[in-house]
Amino acid sequence: MRKLALRDEILLKVEKPARYIGGEIGSIQKNMDQVSIRFAMCFPDVYEIGMSHLGIQILYDMLNRMDDVWCERVYSPWTDLDEIMRKENIPLFALESQEPVRGFDFLGITLQYEMCYTNILQVLDLAGIPLLSTERGCDDPIVIGGGPCSYNPEPIADFFDLFYIGEGENRYGELLTLYRKFRGIAEDGRGHFSERKNEWDREGFLREAAKIPGIYAPSLYDVSYGEDGCIASFTPKYDDIPAVIEKEMVEDLDSSPYPTAPVVPFIRVTQDRMTLEIMRGCIRGCRFCQAGQLYKPLRERSTQVLKKYARELMKNTGHEEISLSSLSSSDYTGLPELLDFLMEECGRQKVNIALPSLRIDAFSLDVMNKVQDVKKSSLTFAPEAGTQRMRNVINKGLTQEDIEGGAREAFLGGWNKVKLYFMLGLPGETTEDIQGIAHLANDIAKLYYDTVPKEERKGKIQITVSTSFFVPKPFTPFQWAPMDRPEMFTQKAAICKEEIRAQLNQKSIKYNWHDADTSIMEGVFARGDRRLCKVILRAYEAGCFYDAWTEYYKHDVWMQCFEEEGIDPYFYTERERTKEEILPWDFISCKVSRSFLWREWEKSKCEEVSTNCREGCQGCGMAAYGLGICPKRK
Amino acid sequence: MAYKLRIKFNKYAHMIFIGHLDLMRYFQKAMRRGGVDISYSEGFSPHQIMSFAQPLGVGIYSDGEYMDISVNSLTSEQQLKDALNGVMSEGVDILSVKLLADKTPNSMASVVAASYFVAFREGYEPDFDLAKAAADFYAQDKIMIEKETKKGTRTLDLKEHIYSFSYDPDKNSLYMLLDASSGGNIKPSLVMEQLYREQGRELGEFDLIVTREDMFALKDPDKPGVFISLGEIGDSY
Ligand code: SF4
């Protein structure tokens, strides 16, 4: 029987003890005699969020397929346990073995959103690992980051030994082999491994690792700044270290490993279901979207493989719901076939299908009608901007006619709930663009009353308008764009609200908007540089963590920390960058060319749209790799 | 055609930290993993026909938990046990399966008593003579206590709800058979609180290690006080 790291008294005292006990179906136990490398994979947020993330499950499965590697999971202890662990000096442990993370070889941390940065420090701190890479020694794990935020790792560069840029499936094998060599771990031919050397060349390892494609060792690069505060140079310290790090990408999804027996949590988590990743990448090229560029080119999994995975997932997990994962599921070519299969298979096994947000048209309405309770479900549209002009600026290929066409059909089919998602603060936004949000919502309400005769209406139309504040992200055409100040955001939300209230159908429209302060902070970290490390460290020491949770976000403390470090946060958000400026992430290549992004930025200023990859290649630079959709588009 | 089955299981190791609702979800998934031909309710979102005798508090061990399920086809007791044990997490074992007659009331409706072992967490043992305290406690004619209910406090004679009570000197633990009927359900901690109170002590939050040993129904509905284990009702198949 496993011995739990926490005493019963603690587990009975904290909220949701199941966050800390491990032992779930699908969690992996290994015999320590046959393990040469121990890997702790961390999602720096609470269990229920971390457990919902597909990427972690993919890497967990992939690493544990290696016989001599034992990958375990680590999440941020919630605030109640955090306090107890600090008071009682209980070191952070991994869920499977319940043993301290400090004794592991690697601590991998996935970086899914900027607001988790202080939680990285919480995890390191509780684990007893020095927060700064430069202060770590031979008996500290190698701390390696990955995930979307590692495409601009600079604001957290000081806390990591390595970053993995790109899709995790490719290079871990090589990295671990190199590590075994440096630690003197050898196999005796009978599946047993020699002890690792206690004294070893950690620096040398980092330097060799930095030569593996996709691996970035921040300590091996020097940055200097000019008088204007911008980066003057960014160079490797050694000649044999690459000046540019290219992202790694999987060539063929069908032959890359997929977790068909993932960990099944005991408690309800945010995404409590099976997930089928149907494709990676996106053809659409929305100019605000970072994922769209990072995961290019579009690569599909074959329906045949997906059907097999679906059956295995059902058998191995027993989950009662399945969903599809991708950036734009309507663009998956095998969608009708896959959904037909799922409807049949799930009907038999009494498994629900959670539909991803599909483009609303006759096909998707038919599917929704079959798998959801029309009375309860709602239609989702993400026009992102209120006017066609603004949608052209952001290259969101969704017109008012598209929305009305889909909505009309849906209203006739019995739907009367509509969700609309928009962004405020897009580049070049005018008051008319903001008011356009209200008008669009009103037009849809009107359409409902015009379309559905009174006697057939099943209640009033309910429209929910949600706006978030636009945050420019690296590797998008808007990476050069200025971002609004919080007071402007608040003003814009007020304009939007006022205009909605002025509409004829205002009673049918509900309006939600996102908090402005955290959006600003997200904007600072998204495009920040290394100088922010000390602000983040200071904020953590001043008690900031769980910043992604509005109830824990302490804006005043953050602002004070910026001031104490003499750093102006708005330097990172308000400036429009020039073409020449060295951006903090310029040393990374996501294989989409900078010139393409600049071209798109200029086109956006002229309100000019670009075709998607299927309609016509935009020459983004990705075609050179001959993968996915690219070879088919010349 | 549907068949009613009663499944007996235990709960130990890390599973004691899984609450009742999560345990239900756990078993729903286990039924699917084990390929059990369980019956579903009608309607838009069908759910499995499954009910539990009584929720078990978080942190409590058990050797005698019960759930009743309805299945569409019968295999054998052994087959079902193996199928489910093959997909269990450590901390829950399927102990037995019985086929119930159609008219057998479900476990939730029929449970009237539950037996418990109460031991002490290391370092939290009582500092008084437990053997004597237990004997004195149970020798009283009446044990009047104030019980907190949703509608405020009410006075009740605890003695009426304790069907058996004894001290085991070898294990320094107590065995108690308590009322578990829907109207008079008594938790072992309530009994222990009073026992401690009578010794001039206060029971601490983490002092006890409680194991529910079994649950019982009335052997004959007309004869109060004669119990049969829920696991002895029904037939092997
Ligand atoms: S090269 Fe063309 S087809 Fe390929 S991702 Fe870029 S724009 Fe799309």
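Note on naming: letters A, B, ... go to the chains in the order of the sequence lines (proteins, then strands), and numbering restarts at 1 for each one.
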Over 12 foreign heavy atoms within 6.0 Å of CD, B:Glu148: no

As an exercise, state the distance from CD of A:Gln98 to NE2 of B:His14, rounded to the nearest 0.5 Å. 9.5 Å

Please look at A:Ser27 and chain B and tell me whether the side chain, the backbone, both or neither of the residue comes under 4.5 angstrom of a heavy atom of that chain. neither

If you tally heavy-atom pairs under 4.5 Å against chain A, which of B:Met88, B:His47, B:Arg25 wins? B:Arg25

Has A:Glu88 got more than 12 heavy atoms of other residues, nucleotides or ligands less than 6.0 Å from its CD? yes

Looking at A:Glu83, I want to see if its CD is surrounded by more than 12 non-hydrogen atoms of other residues, nucleotides or ligands under 6.0 Å. no

Surrounding NZ of A:Lys30 (heavy atoms of other residues, nucleotides or ligands, distance under 6.0 Å), is the total greater than 12? yes

For the CZ atom of A:Phe266 and the CD1 atom of B:Ile18, what is their distance to the nearest 0.5 Å? 5.0 Å

Distance check, rounded to the nearest 0.5 Å: A:Arg19 atom CZ versus B:Phe17 atom CZ? 15.0 Å

Please report the closest heavy-atom contact between A:Gly23 and B:Ser89, naming both atoms and the distance. O-OG, 3.2 Å

Winner by heavy-atom pair count (cut-off under 4.5 Å) against chain B, out of A:Thr317, A:Asn316, A:Leu4, A:Asn352: A:Thr317

More than 12 heavy atoms of other groups within 6.0 Å of A:Glu320 CD: no

A:Lys419, NZ: over 12 other non-hydrogen atoms inside 6.0 angstrom: no

Heavy-atom distances under 4.5 Å only: say whether B:Tyr26 touches chain A with side chain, backbone, both or neither. side chain

Report, as yes or no, whether the 6.0 Å neighbourhood of atom CG on A:Asp67 holds more than 12 heavy atoms from other residues, nucleotides or ligands. no

Which of A:Ile21, A:Ile25, A:Leu12 touches chain B most, by non-hydrogen pairs under 4.5 Å: A:Ile25

Just give me the residue among B:Met15, B:Gln48, B:Lys29 that pairs up with chain A most often, heavy atom to heavy atom, under 4.5 Å. B:Lys29

Euclidean distance, B:Arg33 CZ relative to A:Lys315 NZ, rounded to 0.5 Å: 10.5 Å

Between chain B and each of A:Lys16, A:Lys13, A:Gln372, count heavy-atom pairs under 4.5 Å; write down the option with the most. A:Gln372

If I compare all heavy atoms of A:Gly318 with all of B:Arg32, which pair ends up nearest, and what's the gap? O-NH1, 3.1 Å

Check each atom of A:Val14 against the heavy atoms of chain B and say whether the ones under 4.5 Å are side chain, backbone, both or neither. neither

Enter the distance from A:His319:NE2 to B:Gln28:CD here, rounded to the nearest 0.5 Å. 12.5 Å

Would you say B:Lys171 has more than 12 foreign heavy atoms packed within less than 6.0 Å of its NZ? no

Presence of salt bridge, A:Asp8 and B:Arg121, under 4.0 angstrom: yes

Between A:Ile267 and chain B, with a heavy-atom cut-off of 4.5 Å, which part of the residue counts as in contact: side chain, backbone, both or neither? both

